[in-house]
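I have placed the structure first, in the form of structure tokens, so that the comments after it can refer back to it.
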Amino acid sequence: MAETSPLTVFEERQDQIHCTGDGPFEMACNRDSLAGAVSQRACVFCGSRVVLYPIADALHLVHGPIGCAAYTWDIRGSLSSGPELHRLSFSTDLRERDVIFGGEKKLAAALDELIDRHHPNAAFVYSTCIVGIIGDDLEAVCRTMTEKKGIPVIPVLSEGFKGNKRAGYLAACKAMNRLVGTGDVTDISPVSVNILGDFNLAGEIWIIRNYFERMGVQVVANITGDGRVADIRRAHGAALNVVQCSGATLDLAKMMREEHGVPFVRAAYLGIEDMADSLYRIADFFKGIDPGIVDRTRALVREEVSALLPRLAEMRRDLEGKKAAIYVGGAFKAFSLIKAFRHLGMTVAVVGSQTGTEEDYAELAQVTDPGTIIIDDANPLELSRFVKEKDVDVFVGGVKERPIAYKLGVGFCDHNHERKIALEGFEGMYNFAREVHASAMSPVWRFVPRREAQNRAAAKGGTAPADAGSDAPAPGEANIPNDKEAVA
Amino acid sequence: MKTKESFVSTTNACKLCKPLGATLAFKGVEGCVPFLHGSQGCATYMRRYIISHFREPMDIASSSLGEKNAIYGGGPNLKKGLLNVMQKYGAKVVGVASTCLTETIGDDMPMIIAEFRREFGDLDLPEIVQVSTPSYEGTHTEGFHAAVRAMADQLVTDKVEPHGGVNVMPGLASAEDQRHLAELVRLFGAEPTLLPDTSDTLDGPALMEYERIPSGGTPLSAIRAMSGARGTVELGRTLKGMRTGGDGLAQRFDVPLFKIGTPVGLRETDGLCAALEAITGAPMPKALLKERGRLVDALVDGHKYVFGKRVVVYGEPDLAIGLTAFLAEMGAQPVLVATGAEKCGLAGHVAEACGDLLRERPEICEGVDFHEIAEKAEAMGPELLVGNSKGYPSARKWNIPLIRTGFPIHDRFGGQRILHMGYKGALGLYDAVVNAVLEKKQSDSPVGYGYL
Ligand code: SF4
Ligand code: SF4
């Protein structure tokens with residue numbers, strides 16, 4: 001395989017990169033990050049934090065040394081319509097003394113102090129790598145504090161090294177599951193849902209809730225965007241769980257199905273088709289007890305889409321034929337994005353994710369055009385190489401990918417947890433198109449070295465190669481200059 | 001002075017963790033890849049944090065320890081990681097910093113690295129610098145200085161022929177600061193060697209090819225030649241009590257060492273110029289005299305706007321000391337100087353740097369977080385905040401201007417190009433302070449004056 005794979009930068013990663021159309025599909029994923037590579041991947045704690053933090057009236061205390069908490073202080077645009085406790089960064093800031101003698105006392109004292117100060121409706125205590133090593137009994141401390149303070153104090157077993165982000169999702173779901181089933185469900189409508197897996201970035205969950213309300217569906221709990229402890233406690237009273245995203249909260253939906261008999265459907269809110277499909281799926285579920293819901297949903301979709309399409313058409317005129325690269329956290333987002341780009345007349349040349357499963361990648365291979373690069377847990381070298389090789393116009397990724405795109409003179413859209421623009425729902429599709437348009441159509445790309453070279457070559461009469469200035473990579477080799485040139 | 005005993009918990013820390021500082025220092029060496037020995041998450045978080053400030057690529061490799069490694073030791077992963085970084089990135093230098101995890105499980109990094117050198121001695125190995133940076137003691141500032149010291153100790157091994165160069169240890173300085181420092185040394189007729197120098201690696205140009213390791217940084221050869229320099233200037237008053245990279249060069253190679261304050265404002269910059277005069281023997285350059293003159297002229301022109309303004313300064317201790325001294329020079333009244341770092345002698349250094357300029361002593365706080373800073377400051381009725389972008393929630397709450405300085409700046413553009421140092425830097429800061437005061441006055445006024 002080594003000599004036939006022109007795609008690798010690190011040999012060990014050969015089976016984490018696939019090119020659509022290149023033989024049978026076979027990819028390894030969800031393996032630990034390769035030592036020494038600069039992975040874009042995060043840790044278990046990061047996964048848990050991403051899921052739970054938007055619960056705005058809970059105290060989120062990171063039990064560990066300062067960094068883990070400091071780097072996650074208010075980094076996401078998860079909005080709250082009320083309390084904003086989640087925007088503060090709480091840490092036990094463990095010191096050498098605590099590492100030697102154990103951090104349990106300090107943890108209890110910190111909880112005491114913070115719960116008295118902020119009166120949260122619940123507290124989540126996140127364990128970090130060190131805590132896993134020094135062996136603090138989080139469970140015991142939390143139990144004592146629950147009794148003492150009269151609110152649920154819940155440990156989140158998120159020691160960073162015990163897996164990747166996905167393990168963190170599971171830990172978060174387990175933590176939330178302790179709340180579910182403890183609240184009063186008497187006034188809940190039979191036509192009701194919980195929204196799972198939306199984090200209300202830039203107010204997105206409000207867009208989705210608005211659609212549901214127009215359909216006549218009651219939303220019981222937001223899990224977790226603009227989330228509240230009391231809502232989660234009574235979430236088992238909802239008739240249906242609507243789960244977005246392939247990983248983050250699926251575990252909770254499964255737990256709730258098993259323990260409370262609440263069924264779930266999958267949903268995706270990015271792009272026109274996925275958004276509409278999701279609404280129809282929910283209407284379908286409830287049409288037995290609420291026959292009018294199908295018509296109401298149809299009317300809603302018609303209204304929204306007919307308003308949206310003409311506005312998209314304007315931008316599509318400019319974007320037709322341009323190429324995109326996608327690198328996102330969960331693979332589910334990649335599917336939606338691929339479709340969204342089709343609406344803009346664009347093709348997807350590179351697509352990857354941090355936490356996709358083998359099935360995800362197999363499906364990606366099916367829905368993408370031949371020649372599309374599919375990649376799991378990419379590092380900057382690989383990303384930059386494929387972006388350049390495929391000569392993409394716009395890169396969609398997170399904040400860590402932005403400088404890679406910009407250095408090479410490629411447009412960029414932030415599609416990660418830190419985005420401040422709502423991209424979900426029909427209006428989100430418009431915002432997305434505008435973002436892509438603003439980046440792809442900017443005149444600045446003309447001045448970046450890569451394009452200048454292409455334009456120079458074109459002006460000379462020849463047709464410029466896609467990646468002017470570099471030779472095609474030799475088989476089995478990375479398309480990067482050799483060591484001497486690179487460090488000269 | 002108060003240290004933090006008042007609260008057990010930390011809310012909105014006014015510090016970052018130690019390895020982050022080390023990675024920033026390593027980033028300033030040519031061909032160097034910063035490498036964290038620990039689990040993957042720390043490296044990814046730090047990258048994200050740093051990238052949000054610089055908007056530049058910042059690769060940090062990691063030994064990506066998993067659960068098994070945490071139990072049986074991370075040695076094999078560290079070695080494998082080193083091999084990868086060297087083979088795939090073509091690293092000439094690898095700067096390895098430990099993390100809380102590997103310190104806690106007791107990995108003996110020097111031993112593992114020595115083993116690595118033995119096992120793979122037949123290969124063209126990069127220089128490996130290693131530094132111990134457990135975050136449960138010390139902050140990113142200390143991690144930065146520890147990495148600088150490690151580089152000086154481990155890379156500068158032999159006395160070279162004396163040359164006319166000047167070593168500069170800039171501390172946590174912006175890219176613009178570093179460029180300016182180099183320029184200042186050249187104005188005194190000498191060649192500077194900055195350790196580290198991130199002015200290109202973290203503020204580089206648009207490129208044709210993605211560089212595995214961004215060009216720039218101090219070349220290894222220049223670092224080795226630091227033993228033959230005419231002198232070393234080390235910036236940061238808090239370094240006075242520590243054993244630093246400059247101390248090592250002085251003790252081992254007799255390179256005269258000048259430990260001076262971070263040159264922010266008039267007198268601290270005078271201190272830098274005096275040191276450069278002493279090292280090079282060259283008189284103060286005319287161009288600099290003019291810059292100094294312009295600064296003094298500006299201070300006169302603007303003095304009424306800023307006199308007595310109550311200012312809260314926070315952040316990295318050495319920058320905070322410099323900024324406080326400068327605020328004192330312009331006639332403002334620093335009321336609170338705060339940092340998340342501990343045992344850095346902040347009170348003494350602020351008092352020394354401000355001399356007899358201040359009519360009232362500011363309250364000094366070490367080891368505090370933003371919760372305590374806000375709590376204390378609120379009672380003081382501050383009119384201006386000076387520090388990194390993390391003070392913004394307070395500025396917003398109190399509806400007062402925040403002059404953004406230092407690291408990180410996550411809510412504005414161009415943080416790496418803020419010039420704090422030298423007369424020129426002071427002048428820019430002064431403009432920013434005066435204009436912030438004017439803008440506030442203008443927008444609060446019902447009249448809407450067009451001349452201010
Ligand atoms: S574990 Fe230590 S090194 Fe890692 S992010 Fe937390 S404080 Fe920093
Ligand atoms: S210490 Fe562990 S939990 Fe904290 S950021 Fe690092 S990997 Fe994640």
Side-chain angles (χ1 to χ4, degrees), chain A residues 9-10 32-43 45-46 65-67 69-71 73 88-96 98-99 106 109-110 113-114 129-130 132-134 160-162 380-381 384 388 399-400 402-404 407-409 448-450 453 469-470 480-481 483 486-487, chain B residues 7-13 15-17 20 30-31 35 38-49 51-52 55-57 59-67 69-70 77-78 80-85 88 90 92 100-101 104-105 134-137 204 206-213:
Chain A
V9 175
F10 290 81
D32 295 334
S33 293
L34 171 66
V38 180
S39 168
Q40 313 289 81
R41 232 172 222 181
C43 61
F45 161 67
C46 176
I66 198 62
Y71 302 132
W73 173 14
L88 302 179
S89 157
F90 301 114
S91 168
T92 48
D93 190 4
L94 291 182
R95 300 307 177 79
E96 190 160 21
D98 311 313
V99 171
K106 191 171 192 186
E113 175 177 282
L114 290 170
C129 288
I130 287 215
I133 300 294
I134 60 178
F161 58 79
K162 291 195 171 161
L381 274 185
S384 67
K388 208 164 64 79
V399 66
K400 294 187 294 292
R402 184 179 59 193
I404 299 173
K407 265 294 159 225
L408 292 172
V448 303
R450 201 168 54 93
S470 84
I480 34 187
D483 296 3
V487 197
Chain B
F7 299 114
V8 183
S9 59
T10 296
T11 304
N12 300 344
K15 61 177 177 182
L16 299 164
C17 73
L20 179 135
E30 190 180 72
F35 187 116
S39 34
Q40 179 62 48
C42 314
T44 300
Y45 271 138
M46 286 178 218
R47 290 184 56 217
R48 193 205 60 80
Y49 203 85
I51 287 171
S52 298
R55 297 172 200 248
E56 288 282 317
D59 286 3
I60 301 174
S62 159
S63 48
S64 280
L65 299 191
E67 199 166 2
N69 314 115
N77 264 47
L78 174 53
K80 196 166 167 223
L82 286 171
L83 276 180
N84 268 322
V85 165
K88 315 294 174 177
K92 290 282 173 272
C100 305
L101 175 65
T104 309
I105 63 175
S135 265
Y136 44 75
E137 39 170 53
L207 293 174
M208 184 84 161
E209 300 272 344
Y210 184 82
E211 296 176 315
R212 285 178 291 179
I213 302 172

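To find a chain, count down the sequence lines: A is the first, B the second, and so on, and within it residues start at 1.
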Portion of [X] that has a non-hydrogen atom of chain A nearer than 4.5 angstrom:
{"X": "B:L16", "value": "both"}
{"X": "B:L65", "value": "backbone"}
{"X": "B:E137", "value": "side chain"}
{"X": "B:A70", "value": "both"}

Legend entry - From CA spacing to verdict: salt bridge (Lys or Arg N to Asp or Glu O under 4.0 Å), A:K388, B:E209: CA-CA 8 Å; A:K388 208 164 64 79; B:E209 300 272 344; 3.2 Å; yes
Interatomic distance, [X] atom [atom1] to [Y] atom [atom2] [nearest 0.5 angstrom]:
{"X": "A:D93", "Y": "B:S9", "atom1": "CG", "atom2": "OG", "result": "10.0 Å"}
{"X": "A:R402", "Y": "B:S52", "atom1": "CZ", "atom2": "OG", "result": "6.0 Å"}
{"X": "A:L408", "Y": "B:Y210", "atom1": "CG", "atom2": "OH", "result": "8.0 Å"}
{"X": "B:S135", "Y": "A:E96", "atom1": "OG", "atom2": "CD", "result": "12.0 Å"}

Inset, instruction - Identify, with sequence neighbours excluded, every residue that meets side-chain hydrogen bond (donor to acceptor under 3.5 Å, both in side chains) alongside A:K106. - result: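 If we apply the side-chain hydrogen bond (donor to acceptor under 3.5 Å, both in side chains) test to A:K106, skipping adjacent residues, the hits are A:D98.
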Testing the basics here: between [X] and [Y], what is the closest heavy-atom pair and its distance to 0.1 Å?
{"X": "A:L94", "Y": "B:Y136", "value": "O-CB, 3.2 Å"}
{"X": "A:C129", "Y": "B:L101", "value": "CB-CD1, 4.0 Å"}
{"X": "A:Y71", "Y": "B:R48", "value": "O-NH2, 3.1 Å"}
{"X": "A:P403", "Y": "B:I51", "value": "CG-CG2, 3.5 Å"}
{"X": "A:A453", "Y": "B:M208", "value": "CB-CE, 3.4 Å"}

Legend entry - Option from A:I66, A:I130, A:V99 for which side chain to side chain contact (heavy atoms under 4.5 Å, CB included) with B:C100 holds: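 Passing option: A:I130.
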Legend entry - Qualifying residue for side chain to side chain contact (heavy atoms under 4.5 Å, CB included) with A:F161, from B:C42, B:S39, B:S64: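 It is B:S39, the one option of B:C42, B:S39, B:S64 that forms the side chain to side chain contact (heavy atoms under 4.5 Å, CB included) with A:F161.
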Legend entry - Short side-chain to backbone donor-acceptor contact, A:K407 and B:E211, under 3.5 Å: no
Inset, instruction - Would you confirm whether B:Y49, through its side chain, and A:A70, through its main-chain N or O, come within 3.5 Å as a donor-acceptor pair? - result: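 Side chain of B:Y49 to backbone of A:A70: no pair is present.
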Inset, instruction - Among A:S91, A:A69, A:G132, A:C43, single out the residue with the greatest number of heavy-atom pairs under 4.5 Å to chain B. - result: A:S91
Legend entry - Part of A:P65 lying under 4.5 Å from any heavy atom of chain B: side chain
